[in-house]
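Note that the structure is a prediction, hence the values are computed from the model and not measured. Per chain, numbering begins at 1; letters A, B, ... match sequence-line order.
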Amino acid sequence: MIKKRLQKRLDQCFAEGCQKGFWSDAAADCYAVEEPKHENQGDFSTNMAMVIAGREKKATGKKVNPREIAGHLIKLLEQHSDILERAETAGPGFVNFFIKPSVWQSVVKLVCPADESYGLAAEENGKRVLVEFVSANPTGPLSVGHGRQAVLGDCIARLLDAAGYEVDREYYYNDAGRQMRVLGESTRSRYLELLGLPFEFPEDGYQGEYIYDIARELIEEKGDSLRDIEDVAPFKNKAEACIFKDIHGTLIRLGITFDKYYNEHSLYENGHIDDVVARLRDKGLVYELDGAVWFKTTKFGQKQDRVIIKSSGEPTYRLPDIAYHREKFKRGYDWMVDIFGADHIATVPDVMAGIRALGYDDSKVTVVLHQFVTLMRQGRQVKMSTRKANFVTVDELLDEVGPDVMRFFFLMRKADSQLEFDLDLATSQSQENPVYYVQYGHARLSSILKMAEEKGAKQGTLDDAPLHLLVEPEELRILKGIAAYPSLVIHAANDLAPHRIVFFLQELAGLFHSYYNKYRFISDDADLTRARLWLGHGLRIVLRNGLLLLGMTAPEKM
RNA sequence: GCGCCCGUAGCUCAGCUGGAUAGAGCACCGGACUUCGAAUCCGGGAGUCGCAGGUUCGAAUCCUGCCGGGCGCGCCA
């Protein structure tokens with residue numbers, strides 16, 4: 001927010017410079033306020049002079065010296081000495097800003113009263129966004145891959161919510177079709193097997209141990225009364241119910257809930273599937289060949305057309321996917337975010353083509369593709385195979401590491417990167433585990449604040465807190481971190497990048513730990529103690545809010 | 001063969017819309033607890049940012065080509 005203030009002042013100077021004829025307005029909106037890497041380059045800097053020089057040269061052909069422009073700018077900046085300690089030119093023409101400590105100190109007066117709401121957008125931005133994630137069909141327990149997606153989607157939803165969007169979380173699933181039939185058959189087969197009756201396990205059946213559990217439950221409930229039934233429905237329905245219950249349970253353990261479960265089947269029942277085909281047909285974008293119905297995806301930049309209805313009369317997965325997305329548009333969302341695993345890449349262009357074909361704006365749909373997770377134990381990759389169902393489930397992983405560690409690890413990497421989940425690191429209760437580094441920061445700080453109370457150290461009121469005493473470089477760094485948090489949330493939300501929050505928290509916790517080891521919060525100096533306790537108070541709010549934003553706990557003791 | 005993603009320190013990874021001497025954690029070595037929590041801190045070494053061109057005042061970041069790894073490329077989802 002300090003950056004924003006500075007940006008405004010800078011815009012004023014730019015306009016004044018135009019008026020005075022120092023430069024033209026060609027560079028308007030092209031310059032930026034940045035945060036330099038090194039502290040001796042100021043709190044912020046701008047490339048305005050270099051950008052102006054570039055534009056002027058392009059416009060007039062005359063060479064312009066950026067440092068000269070910077071000189072004018074610095075003159076204009078003199079009237080802003082209320083927030084600026086000084087501004088200086090550096091390097092090829094940067095102007096570096098040194099903000100007055102009093103400005104940084106004043107952030108304490110923003111965080112503390114705001115408390116839980118610090119870092120949340122002050123007001124709704126009026127935009128509705130739908131986040132679709134997990135969307136696993138009920139054929140088995142959630143695997144680690146789903147786990148990454150679940151945590152990623154959930155945290156993105158939390159971020160968007162914090163940034164002022166109205167967020168809906170949706171789980172899209174299909175409990176009809178071949179997959180589910182096979183599930184039913186697998187269950188029946190296990191049922192018969194457990195009863196000691198002859199059975200035939202389907203060739204591509206689900207081999208997981210969990211199918212036995214379901215069959216066992218079925219026997220408990222119905223005995224052998226289902227032994228001669230031809231219909232797989234009772235088996236399928238039982239399996240689906242059990243598995244969904246299981247998935248829900250897993251998600252709850254992770255702290256994840258959905259606003260809506262959207263059943264693919266309803267798209268058929270409500271005629272949306274047929275309607276999409278009809279609309280595409282009207283537009284001349286489908287044709288029949290070899291008994292199948294094809295969608296002219298080549299009209300939308302693809303190499304080949306795609307089948308949307310098989311010769312058997314059954315739609316391919318593409319058609320309901322397109323229909324589903326059209327429904328999202330119809331439901332009035334301004335932004336639709338889909339979280340998919342890397343193995344679903346191929347479907348994205350088809351859905352986008354469908355959206356455009358139906359006359360909707362596909363730029364309103366953002367697909368976050370996350371890469372795979374590899375589990376490492378003792379330096380070796382844990383082999384996983386879906387087919388034999390010897391993959392590691394989210395539940396098993398949760399048993400080992402717990403929800404906080406799991407969330408943190410899944411959020412540590414940007415979605416684009418493959419994620420290496422180091423089980424030894426995740427299970428280690430100390431030292432190198434980064435999760436505890438942040439949580440310990442919060443716990444330590446909590447305990448200090450409590451201790452201060454017990455010792456009778458007076459914090460006093462915020463209004464007359466002597467914040468001007470917070471002048472140590474470490475204190476100013478912490479204050480800057482606190483100040484940066486709200487805009488970080490906004491940017492991380494808009495970029496759908498929760499990992500930035502993780503990195504920020506690690507850094508902020510690091511600043512605190514260093515500070516703690518060098519200075520004392522509670523000392524004989526009553527005023528200094530008051531100021532530092534308020535600093536700690538503000539810092540704790542940010543650590544806590546950040547952890548909660550990641551869906552983690554902020555323990556006061558550990 | 002085609003499409004998407006990745007390639008930065010020994011390992012795992014940050015690096016926001018191109019910016020000034022490329023960062024962190026782990027691992028390794030050496031230090032710091034009679035005082036607010038040592039799950040912490042302080043110090044140290046370590047990198048031709050895969051390679052080659054190009055755009056620019058300026059490139060880890062943008063463009064092109066190549067090399068290496070992952071995932072896809074079905075009338076499966």
Side-chain angles (χ1 to χ4, degrees), chain A residues 32 34-38 40-41 45 47 50-51 53-54 57 63 66 90-94 96 135 137 139 174 177-179 204 264 289-294 302-304 306-312 314-318 320-321 341-349 369-372 374 376 379 412-420 422 425 428-437 439-441 443-452 454-455 457 488 491-492 494-495 497 499-500 502-503 506-507 509-510 512-523 529 532-533 536 557-558:
Chain A
E34 300 159 334
E35 283 143 75
K37 283 181 209 145
H38 300 92
N40 58 15
Q41 294 166 345
S45 71
N47 57 0
M50 289 179 296
V51 174
K57 192 183 162 192
K63 257 200 220 165
F94 288 100
N96 295 339
S135 295
N137 289 339
T139 59
N174 182 17
R178 204 189 65 89
Q179 244 186 353
D204 51 355
E264 180 184 319
L289 182 72
D290 302 332
V293 179
W294 296 70
Q302 293 198 50
K303 285 260 156 65
Q304 44 187 287
R306 300 289 181 183
V307 170
I308 50 171
I309 300 178
K310 303 183 231 173
S311 51
S312 66
E314 264 184 309
T316 61
Y317 65 90
R318 284 182 199 96
D321 275 4
D343 53 341
H344 280 62
I345 286 177
T347 77
V348 176
L369 277 170
H370 70 267
Q371 298 294 317
F372 285 179
T374 51
M376 302 293 283
M412 257 192 320
R413 307 289 173 238
K414 60 182 179 214
D416 284 343
S417 301
Q418 283 177 50
L419 190 152
E420 190 163 299
D422 185 337
L425 183 62
S428 85
Q429 281 279 319
S430 63
Q431 299 278 346
E432 61 272 12
N433 195 329
V435 181
Y436 299 118
Y437 187 78
Q439 289 187 322
Y440 180 62
R444 190 184 226 183
L445 197 42
S446 301
S447 123
I448 289 166
L449 295 174
K450 205 170 136 201
M451 174 73 67
E454 284 166 8
K455 278 193 177 178
L488 171 75
H491 284 116
N494 288 329
D495 295 345
H499 73 277
R500 285 201 212 138
V502 175
F503 280 87
Q506 290 187 95
E507 232 169 86
F512 165 63
H513 288 309
S514 297
Y515 176 64
Y516 171 84
N517 274 277
K518 191 163 169 187
Y519 303 93
R520 299 189 59 79
F521 278 85
I522 304 158
S523 66
T529 300
R532 287 184 172 170
L533 287 176
K557 274 187 240 196
M558 46 194 288

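Between A:Phe512 and A:Tyr440, the gap from one ring centroid to the other reaches at least 6.0 Å.
Taking atom CD of A:Gln302 as the reference point, atom C1' of B:C4 lies 13 Å away to the nearest angstrom. Spacing between atom CG of A:Asp495 and atom C1' of B:C16 amounts to 7 Å, rounded to whole angstrom units. For the pair A:Lys518 NZ and B:A38 P, the interatomic distance rounds to 17 Å; values are reported in whole Å. Between A:Arg520 atom CZ and B:A32 atom P the separation is 19 Å, expressed in whole Å. The interatomic distance linking A:Asn137 (CG) with B:A77 (P) rounds to 10 Å, in whole Å. Rounded to whole angstrom, the span from the CG atom of A:Leu445 across to the P atom of B:G37 amounts to 11 Å. Rounded to whole Å, atom C1' of B:U40 lies 12 Å from atom CE of A:Met558. Remark: C1' of B:A24 and OH of A:Tyr437 are 10 Å apart, rounded to the nearest angstrom.
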Chi angles and distances behind the side-chain contact (heavy atoms from CB on, under 4.5 Å) call for A:Asp204, A:Arg178: CA-CA 11 Å; A:Asp204 51 355; A:Arg178 204 189 65 89; 3.0 Å; yes

Step-by-step side-chain contact (heavy atoms from CB on, under 4.5 Å) determination, A:Ile448 to A:Tyr516: CA-CA 10 Å; A:Ile448 289 166; A:Tyr516 171 84; 3.5 Å; yes

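For the pair A:Asn433 (side chain) and A:Val435 (backbone), a donor-acceptor distance under 3.5 Å is present. Looking only at distances, a side-chain donor or acceptor of A:Thr529 sits under 3.5 Å from a matching main-chain atom of A:Ser523.
Within 4.0 Å of A:Phe512, counting heavy atoms only, lies no atom of the nucleic acid at all. No engagement by A:Ser523 is indicated, since no non-hydrogen atom pair under 4.0 Å with the nucleic acid exists. Nucleic acid contact class of A:Glu420 (heavy atoms, under 4.0 Å, all strands): sugar-phosphate only. Residue A:Asp416 is classed as a sugar-phosphate contact, given heavy-atom separations below 4.0 Å to backbone atoms only. Among the heavy atoms of the strands lying under 4.0 Å from A:Ser447 is at least one base atom, whether or not backbone atoms are also near. As judged by a 4.0 angstrom heavy-atom cut-off over every strand, A:Met451 is placed among residues touching the sugar-phosphate backbone only. Nucleic acid contact class of A:Met412 (heavy atoms, under 4.0 Å, all strands): none. Note on A:Asn40: a base of the nucleic acid sits closer than 4.0 angstrom, heavy atoms only. Note on A:Glu34: a base of the nucleic acid sits closer than 4.0 angstrom, heavy atoms only. Contact annotation for A:Ala497: no contact, since no heavy-atom pair falls under 4.0 Å across all strands. In this structure, A:Pro36 reaches the bases: a heavy-atom distance under 4.0 Å links it to at least one base atom across the strands shown.
With centroids closer than 5.5 Å and planes inclined by less than 30 degrees as the test, A:His491 and the base of B:C16 fail to qualify as a stacked pair.
In secondary-structure terms, RNA chain B builds stems of at least 3 consecutive Watson-Crick or G-U pairs, each pair having both distances under 3.5 Å, at B:1-7 with B:67-73, B:10-13 with B:23-26, B:28-32 with B:40-44, B:50-54 with B:62-66.
Heavy-atom nearest nucleotides on RNA chain B were determined for A:Ala452 and for A:Ala90, and the one closer to the 5' end corresponds to A:Ala90. Remark on RNA chain B: of its neighbouring residues A:Ser417 and A:Phe94, the 5'-side contact belongs to A:Ser417, judged by nearest-heavy-atom nucleotide.
Distance CZ/A:Phe521 to CE/A:Met451: 13.0 Å, rounded to 0.5 Å. Taking CZ of A:Arg318 as the reference point, atom CG of A:Asp321 lies at 9.5 Å (rounded to 0.5 Å). Once rounded to the nearest 0.5 Å, the distance linking OG of A:Ser447 with CE of A:Met558 reads 12.0 Å. Between the CG atom of A:Asn137 and the CD atom of A:Gln179 there is a distance of 5.0 Å, given to the nearest 0.5 Å. Atom CG of A:Asn96 sits about 12.0 Å away from atom NE2 of A:His38, to the nearest 0.5 Å.
Considering only the side chain of A:Tyr440, B:A38 comes nearest among B:A38, B:U35, B:C16. Side-chain atoms of A:Lys303 lie closest to B:C2 of the nucleotides B:G19, B:C2, B:U40. In the set B:U21, B:A20, B:C5, the nucleotide with an atom closest to the side chain of A:His38 is B:U21.
Rounded to a whole angstrom, the distance from the C1' atom of B:U17 to that of B:A59 is 15 Å. Between B:U56 and B:C63, the distance separating the two C1' atoms is 12 Å to the nearest Å. Nucleotides B:U21 and B:C4 have their P atoms positioned 34 Å apart, rounded to a whole Å. Taking the P atoms as reference points, B:G10 lies 13 Å from B:G50, given to the whole Å. When the P atom is compared between B:G1 and B:G58, the two are found 36 Å apart, to the nearest whole Å. Comparing the same atom, P, in B:G15 and in B:U61 gives a spacing of 14 Å after rounding to whole Å. Look at the P atom in both B:A46 and B:C41: the space between them is 23 Å, to the nearest Å. Nucleotides B:C49 and B:G31 are separated by 35 Å at their P atoms, to the nearest Å.
A:Phe503 and A:His499 have perpendicular rings, their planes meeting at more than 60° on a 0 to 90° scale where under 30° would count as parallel.
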Between protein and nucleic acid, restricted to nucleotides 68-76 of chain B and to nitrogen or oxygen atoms under 3.5 Å apart, what atom pairs and distances do you find?
from: B:G70; atom 1: O2'; to: A:Gln418; atom 2: NE2; distance (Å): 3.4
from: B:C71; atom 1: O2'; to: A:Ala342; atom 2: O; distance (Å): 3.2
from: B:C75; atom 1: O2; to: A:Ser311; atom 2: N; distance (Å): 2.8
from: B:C75; atom 1: O2; to: A:Ser311; atom 2: OG; distance (Å): 2.9
from: B:C75; atom 1: N4; to: A:Asp290; atom 2: O; distance (Å): 3.2
from: B:C76; atom 1: OP2; to: A:Lys310; atom 2: NZ; distance (Å): 2.6

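Residue A:Lys414 places none of its side-chain N or O atoms closer than 4.0 Å to OP1 or OP2 of B:C5. Between B:A38 and A:Tyr516, a contact under 4.0 Å exists linking OP1 or OP2 to a side-chain N or O. Taking only side-chain nitrogens and oxygens, A:Lys37 comes nearer than 4.0 Å to OP1 or OP2 of B:A20. Taking side-chain N and O atoms only, A:His499 has a distance below 4.0 Å to OP1 or OP2 of B:G15. In terms of phosphate contacts, A:Tyr436 brings no side-chain nitrogen or oxygen within less than 4.0 Å of OP1 or OP2 of B:G37.
Using a 90° window around 0 for the glycosidic torsion, B:C33 falls inside it and is classed as syn.
Atom CD of A:Glu507 has 12 or fewer neighbouring heavy atoms from other residues, nucleotides or ligands inside a 6.0 Å radius.
Counting only N and O atoms by type, the side chains of A:Arg413 and A:His370 include no donor and acceptor under 3.5 Å apart.
For B:A20, the base has a donor-acceptor partner in the side chain of A:Asn96 [N/O atoms by modelled type, under 3.5 angstrom].
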